[in-house]
Number of protein chains: 2
Amino acid sequence: MSSYKNKKVITIGIVSELTGLSERQIRYYEERKLIFPERSKGGTRKFSFSDVERLVDIANKMEDGMQTFEIRKAEQRQLRENELRDRMLRGQINAAFNIRK
Amino acid sequence: MSSYKNKKVITIGIVSELTGLSERQIRYYEERKLIFPERSKGGTRKFSFSDVERLVDIANKMEDGMQTFEIRKAEQRQLRENELRDRMLRGQINAAFNIRK
DNA sequence: CGTGTAAGGAATTCTGACACG
DNA sequence: CGTGTAAGGAATTCTGACACG
């Protein structure tokens with residue numbers, strides 16, 4: 001869903017304008033595995049609107065004094081929690097369904 | 001609405017890949033007033049996803065043998081018709097509303 | 001750690017023109 | 001009319017490094 005939001009089509013200059021971050025900062029956040037732009041054949045980075053949103057979020061966290069590895073850790077933690085929640089939810093649904101039968 | 005769809009952020013090379021059109025064709029369709037990309041300070045064209053959609057539509061019409069000025073005319077005609085329809089619709093709504101009072 | 005910057009090179013884009021038809 | 005192409009130049013992006021802290 002939202003096919004446009006996740007299409008990697010924006011070059012770093014535009015992303016810089018959109019986010020207010022310097023190109024240097026954006027490249028550094030990629031180096032720290034916070035964002036994952038694609039590349040053109042020639043090697044030019046291509047970002048999505050999702051990446052732009054994420055960068056704004058990252059910028060806020062950096063302002064709050066968070067370090068890049070903390071941001072990465074926090075996101076991974078969030079991912080695991082979501083997976084756990086989904087698994088438990090599915091389990092409950094299955095249980096409820098079996099009781100009825 | 002759909003803020004992403006209308007944001008002019010895509011360079012011509014990407015648009016070319018997305019549409020299958022050559023950069024030459026894209027620039028020519030701009031010259032013929034079928035699309036209206038914005039420009040960066042340096043003069044680089046910036047397109048939106050809407051422009052990409054429109055270009056695909058244009059490409060289809062060109063394949064059908066339509067000429068650029070015909071495509072432009074057809075779109076203007078469509079615009080006028082929509083405006084007329086909207087005006088009439090608003091008139092009917094107002095009329096119905098006044099009858100009730 | 002996070003970011004600025006100068007450096008040199010490569011990829012990308014731009015315009016105007018010639019060509020074909 | 002619509003599109004390809006070679007030409008020359010300008011804007012954009014890339015990497016690796018040095019600097020500061």
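So that the names make sense, note that chain A is the first sequence line, chain B the second, and so on, each numbered from 1. Computation of the quantities below employed the complete heavy-atom set of this structure, encompassing side-chain atoms and omitting hydrogens, waters and symmetry-equivalent molecules.
- Within the structure, salt bridge (Lys or Arg N to Asp or Glu O under 4.0 Å) contacts touching residues 30-40 of chain B (residues at least two apart or in different chains) are Glu30(B)-Arg39(B), Glu30(B)-Arg45(B).
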Using the 3.5 Å cut-off, write out each protein N or O paired with an N or O of nucleotides 4-9 of chain D and the distance between them.
{"from": "dG4(D)", "atom 1": "OP2", "to": "Ser22(B)", "atom 2": "OG", "distance (Å)": "2.7"}
{"from": "dG4(D)", "atom 1": "N7", "to": "Arg24(B)", "atom 2": "NE", "distance (Å)": "3.2"}
{"from": "dG4(D)", "atom 1": "O6", "to": "Arg24(B)", "atom 2": "NH2", "distance (Å)": "3.0"}
{"from": "dT5(D)", "atom 1": "O4", "to": "Arg24(B)", "atom 2": "NE", "distance (Å)": "3.3"}

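- In this view, Gln67(A) satisfies the side-chain hydrogen bond (donor to acceptor under 3.5 Å, both in side chains) rule with no residue, not counting sequence neighbours.
- Residues from residues 42-50 of chain A placing a heavy atom under 4.0 Å of any atom in DNA chain C, listed by number, are Gly42(A), Thr44(A).
- Shown here are the side-chain hydrogen bond (donor to acceptor under 3.5 Å, both in side chains) partners of Ser40(B), two or more places apart in sequence or in another chain: there are none.
- Phe36(B) belongs to no hydrophobic cluster, as no Ile, Leu, Val, Met, Phe, Trp or Tyr side chain comes under 4.5 Å of its own.
- Comparing atom distances between the Arg39(B) side chain and each of dT3(D), dT15(C), dT12(D) picks out dT15(C) as nearest.
- Listed by chain and residue number, Val15(B), Leu21(B), Ile26(B), Val52(B), Leu55(B), Val56(B) satisfy the side-chain contact (heavy atoms from CB on, under 4.5 Å) test with Thr19(B) (two or more places apart in sequence, or in another chain).
- Ranked by how close their nearest DNA chain C nucleotide is to the 5' end, Thr11(B) and Tyr28(A) are led by Tyr28(A).
- Side-chain atoms of Ser48(B) and Asn6(B) include no donor-acceptor pair closer than 3.5 Å.
- Listed by chain and residue number, Asp57(B) satisfy the salt bridge (Lys or Arg N to Asp or Glu O under 4.0 Å) test with Lys61(B) (two or more places apart in sequence, or in another chain).
- Of the residues in residues 54-78 of chain A, those with a non-hydrogen atom less than 4.0 angstrom from any atom of DNA chain C are Met62(A), Gln67(A), Thr68(A).
- Tyr4(A) has its ring centre less than 6.0 Å from the ring centre of Phe49(B).
- In this model, the phosphate group of dT3(D) is approached by a side-chain N or O of Tyr29(B) to a distance below 4.0 Å at OP1 or OP2.
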Secondary-structure notation, DNA chain D, from Watson-Crick and G-U pairs under 3.5 angstrom (| other strand): .||||.||.|.|.||.||||.

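- Other residues sharing a hydrophobic cluster with Leu84(A) under the 4.5 Å side-chain heavy-atom criterion for ILVMFWY residues are Met88(A).
- Applying the salt bridge (Lys or Arg N to Asp or Glu O under 4.0 Å) definition to pairs two or more places apart or across chains, those involving residues 72-94 of chain B are Arg54(B)-Glu75(B).
- Distance, Leu34(B) CG to dG2(D) P: 9 Å, rounded to whole Å.
- Rounding to whole angstrom units, CD1 of residue Ile12(A) and P of dC14(D) are separated by 5 Å.
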